[in-house]
Amino acid sequence: MANPNPEIYGTSADWINATELYTGGYTGTDELKNKIPQIRNVSSNRGDLWRYVNQNLLAYNTPIDPTICPCGQDPSVSAYGKIDVYHNKLNLDQNKIPDYQNVYENENINWFFGSSWIANTQAPMRYCWNEITDRNQRWTPEFINESDKNNSIFVTPWVYYQTKSLLLRIKVIPLADYVTQNSETYGAISLDDWKNNHSDKKIIGAFLEIMGCSGVTDNVIGYTGPLQGGYNYYKSINFSLLNAVNNGTSELTDYATFTFEKYNFIPLISRVVRGNGFNTSQYYYLFGYHNLDNYELKYHYAQDTEAGYQIYPEISYSDHNYTQIMKMAACFGVPFTPTDKFSFNILFNDSDLYLPIIDENGVCHGEYTHGNDNLTNDLYTKDSVREYDYDPTRPPTPIDPNTYSDTTNWNNVNFRQAFTKRYILNSTQVGQLSTELWAAQSSKPADLDFQNYAVDEYLTNNPIDTIVSLKYFPCTFADVAPAVVHLGKYTTNIACTALGTSVRVIDFDPIAVWRHFGDFRDFEPYTQLSIYIPFCGVVPLKTADCMGKYIAVKLCIDTSTGAAAGFVIVSDNGTGGICVATANGTAAIDIPVSGLQSANISNAVFNAAATWAQTQINNSAGTNLLANLNSPVGTISKGFSRMFNLGSLKGAVLGGPVGAFGVLANADPTKAYAKGTEMELENTRAEYDLQHVQMPTRLIGSSAPALSSVMETAVRLIIYRPITDESALASYANTVGFATLESGTVGQFSGFTVGTIDVSGINATATEKQAIAAAFANGVYL
Amino acid sequence: MFTIDLAYTTENNLKVNKTYTTIQSGVQIHPTSTISQENPVFVIDYDTRFLSANYVICTALGRKYNALITTDTAGRMIITCTSDYLSSFNLSNCPIQVTRNGGIGKPTNYPDTKYPIIPNQKDITSIVRTNNILNVNSDTYILTVIGGGN
């Protein structure tokens, strides 16, 4: 649930929980923080709801007076949602139901001011049988055992005090006195006494002493002294500082409840105590100090035994600490004083009497008045919640859960390059690169097959395939280291630098967008803004977002792809700021790299050579083909190495008389001359292929447009401003008037004036009043 | 019987609390019929001094009037008045919400659609910021290769 005053009391994250009994000597602060105590059981001194309802003293689900709301808890969100304060009437007759009430709603506990009397039992009562609903309801003080339920049980009455009839005195515990006396309150002095007379002393705690008053008469509190219990009775002050935690085993929520059954004080700055003088079953949270300064956490053995130890803060005096303690006291919604001077009647406008300021929801946030200012404080002017505008059915004002930031967070990006390497070259080195590519291809040892050599050396078939890209960047780089270009495993002779940056971030100094006119013309639609970002273009801006502020640009260039992104950042003072616009573009220019794919060449040459070789085998020399033209093919050797008289054969085959063609065309393919023609053609084709192996080239990258590089490399804020027609301004003030929106009285204005006038206070006829209003609506001269 | 003051003013009719120059004060009026509080008509003896009067102050009626002086056939001056409601009452303390005011002397932050701005014309200017890191003549090439063993 919501904590309306975390800045005063902090949250569970701020408080130290001491657990695990420490069995050593002094320990440091860090160790203390790891210790968590068990929370004390909540005293469940509760009233009897249904009985009071029967008596029409209360109504179910009806919120009661929220004028006390300790620590600023909103009644609608607190587990102690129902708060009751009534005019006090201390009733000493246990058998008579006093006019006091506890109100519970379901499982919630209502907390309140008062003193409670319990019968001769220390056991909290739990359940009471509800005769109306014929079921157990946790609307009464709880019993430990179910068998103890009884309608006629003695219930614990709570006596309520009127809010302003109580007084809290702020006390602090000086260190020296505490250490020697080991008492919760022994040696305590007033807060003002610490400030004025003992500021050189450290304190180890602070608490509120609850002083009872008999009532209020006019502007005087009738003060009777500290609240006291009778003999054999516990006097228990339940004061809800924190939420209830069941049996001390639950995790701490933002709040828990403290009950001090023997003392009339409420801790503000508490400590963990175990051992001498205290019930060993009691544990405490160490809290209330986190928002102070000049303190040091200490651990101390009250006795030189494991059972006795204390963990407490040693707090030095400072004005800040004084103020902080005052604020904590003010959160409880009850008059308080940092002095000891009050003993009897107290004037409400006493300079040492402080009244908390209660907001419209009945929540106190640590603010207060004192002296004459008290006389206008709600706590003084009102007697109960019924005098407030508080509407119990109104939902509580939700507390904004957001955390606001005025700064965009930027990441430092640097991705690891595992399978690529990037080098920064200049133009000379780029020229060397092409030379190195050819050198790489010719570096194969003679005794190695080219393909195997290439794969082993370049991790690919072709040296040129080692190049992923070559890009021109219009910027310099700082994150560099000396290097030599490696193409795979092949080391070139190019000495350069290796790039270590994934994204190049370029920050441009902020531009202050100054108001030129000092009036409405500085904003849209009159004045318009846009900003040019290099490589990204022109980005329109909202004038209202930028006018009177600083505009900065962050240009980010991806060193892998060359992509550019521009970010427009608006801030109040030129630092930090929020990104309000973005634009994308391309900063780098692709530089095409071409070369031979040597593997492909090798493959083509090999195939052509193999084909040619096969034809040689198939058509080997040995037989005079001409002489055997008409011989069966089987009589012809399979191949001939060189065509003998090829020309004549060709001529006979190709260039001879038609008759020869006709003869050949109709030739029997099983005859030699037909076969010889076929061999000739095969050989011709093989030789041609071998001599005309196509050179496989490769182009890496493409000719990308370099147009963006023509534009300037500066950020430029472009401002479009209106032009005033000066000639028309001459009579403007006296005939039209300047647009404005002001409230006041007629006598405060002059010149031509248009407005809405309230003439209800003048002694004129209705007609005249209408005429006056109409005249002012159209414009009059004052 | 009551008196009126005859005066002359050059103020704009829409002027609140006009200033005027008294021509004749204490001119006696003898009403012979009902006199309107807002638009009274006074009849007085002809007097050339009053010809220039255009403003009447009538304490008895608690008002000031814009006046038009005519002459009837009997030679009397007829003063036809209309209430100067902007000057007859003390408006100084009347609450007002002003939406336009010439006395400011200059435009405010509130948009003024009537303000004389030349349409469709803009004064274009710019502010530049440079950064030495950017340079199209940087002579910087990034070669990306596979592998990476060094």
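First the proteins, then the strands, lettered A, B, ... as listed; each starts at 1.
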Leading residue by heavy atom contact count with chain B [cutoff under 4.5 Å; candidates A:I723, A:N763, A:L729] | A:I723
Under a 4.0 Å N-O cut-off, is there an ion pair linking A:E768 with B:R63?
-> yes
Please determine, among B:T113, B:N137, B:L86, B:N13, the option with the most heavy-atom pairs under 4.5 Å with chain A.
-> B:L86
Side chain, backbone, both or neither: which part of A:Q429 has a heavy atom under 4.5 Å from chain B?
-> neither
Side-chain touch A:T724/A:R521, heavy atoms, less than 4.5 angstrom = yes
Heavy atoms only, distances under 4.5 angstrom: which of B:S83, B:P111, B:G103, B:P95 has the most pairs with chain A? Name it, please.
-> B:P95
Name the option with the most non-hydrogen atom pairs under 4.5 Å to chain B; the candidates are A:N778, A:V485, A:T765.
-> A:T765
When only pairs under 4.5 Å are counted, which of A:V513, A:T497, A:I772, A:L782 shares the most heavy-atom pairs with chain B?
-> A:I772
Among the options A:V780, A:L425, A:D725, pick out the one with the most heavy-atom pairs lying under 4.5 Å from chain B.
-> A:L425
Closest heavy-atom pair and its distance - A:A564, A:F535 = CB-CB, 4.4 Å
Does the side chain of B:I117 reach to within under 4.5 Å of the side chain of A:P722, using non-hydrogen atoms?
-> yes
Output yes when a side-chain donor or acceptor of A:H516 lies under 3.5 Å from a complementary backbone atom of A:W514, and no otherwise.
-> no
Do the rings of A:F738 and A:Y732 sit parallel, tilted or perpendicular, given the 30° and 60° boundaries?
-> tilted
At a heavy-atom separation under 4.5 Å, does A:N734 approach chain B through its side chain, its backbone, both, or neither?
-> neither
Who among B:P119, B:S138, B:S88, B:G105 has the most heavy-atom pairs with chain A under 4.5 Å?
-> B:S138
With only heavy atoms counted, which part of B:K18 is less than 4.5 Å from chain A, the side chain, the backbone, both or neither?
-> neither
Heavy-atom pairs under 4.5 Å with chain B, option from A:D507, A:L717, A:V553, A:L529 with the top count = A:L717
In terms of heavy-atom pairs under 4.5 Å with chain B, which of A:L741, A:T735, A:I718, A:T753 leads?
-> A:L741
Looking only at atom types and distance, does a side-chain atom of B:N101 sit under 3.5 Å from a main-chain N or O of A:S750, one as donor and one as acceptor?
-> yes
Strictly by modelled atom types, are B:Q28 and B:T3 linked by a side-chain donor-acceptor pair under 3.5 Å?
-> no
B:D112 bridged to B:K114 by N-O distance under 4.0 Å = no
Do you know which of B:L91, B:N90, B:V16, B:N109 has the most heavy-atom pairs with chain A at a distance under 4.5 angstrom?
-> B:N109
If you count heavy-atom pairs under 4.5 Å with chain A, which of B:V98, B:T125, B:L14 comes out on top?
-> B:V98
For chain A, find which of B:Q121, B:K122, B:R129 contributes the most heavy-atom pairs closer than 4.5 angstrom.
-> B:R129
Heavy-atom check, side chain of B:Y55 versus side chain of B:D84, under 4.5 Å = yes
Engaged part of A:F517 at the chain B interface, taking heavy atoms whose separation is under 4.5 Å = neither
Polar side chain donor-acceptor pair, A:D522 to A:T527, under 3.5 angstrom | no
Sort B:F89 into side chain, backbone, both or neither according to what part of it lies under 4.5 angstrom from a heavy atom of chain A.
-> side chain
Donor-acceptor pair between A:S427 and B:D139 side chains, under 3.5 angstrom | yes
Okay, A:A728 and chain B: the region with an atom under 4.5 Å from a heavy atom over there is both
Check each atom of A:V430 against the heavy atoms of chain B and say whether the ones under 4.5 Å are side chain, backbone, both or neither.
-> side chain
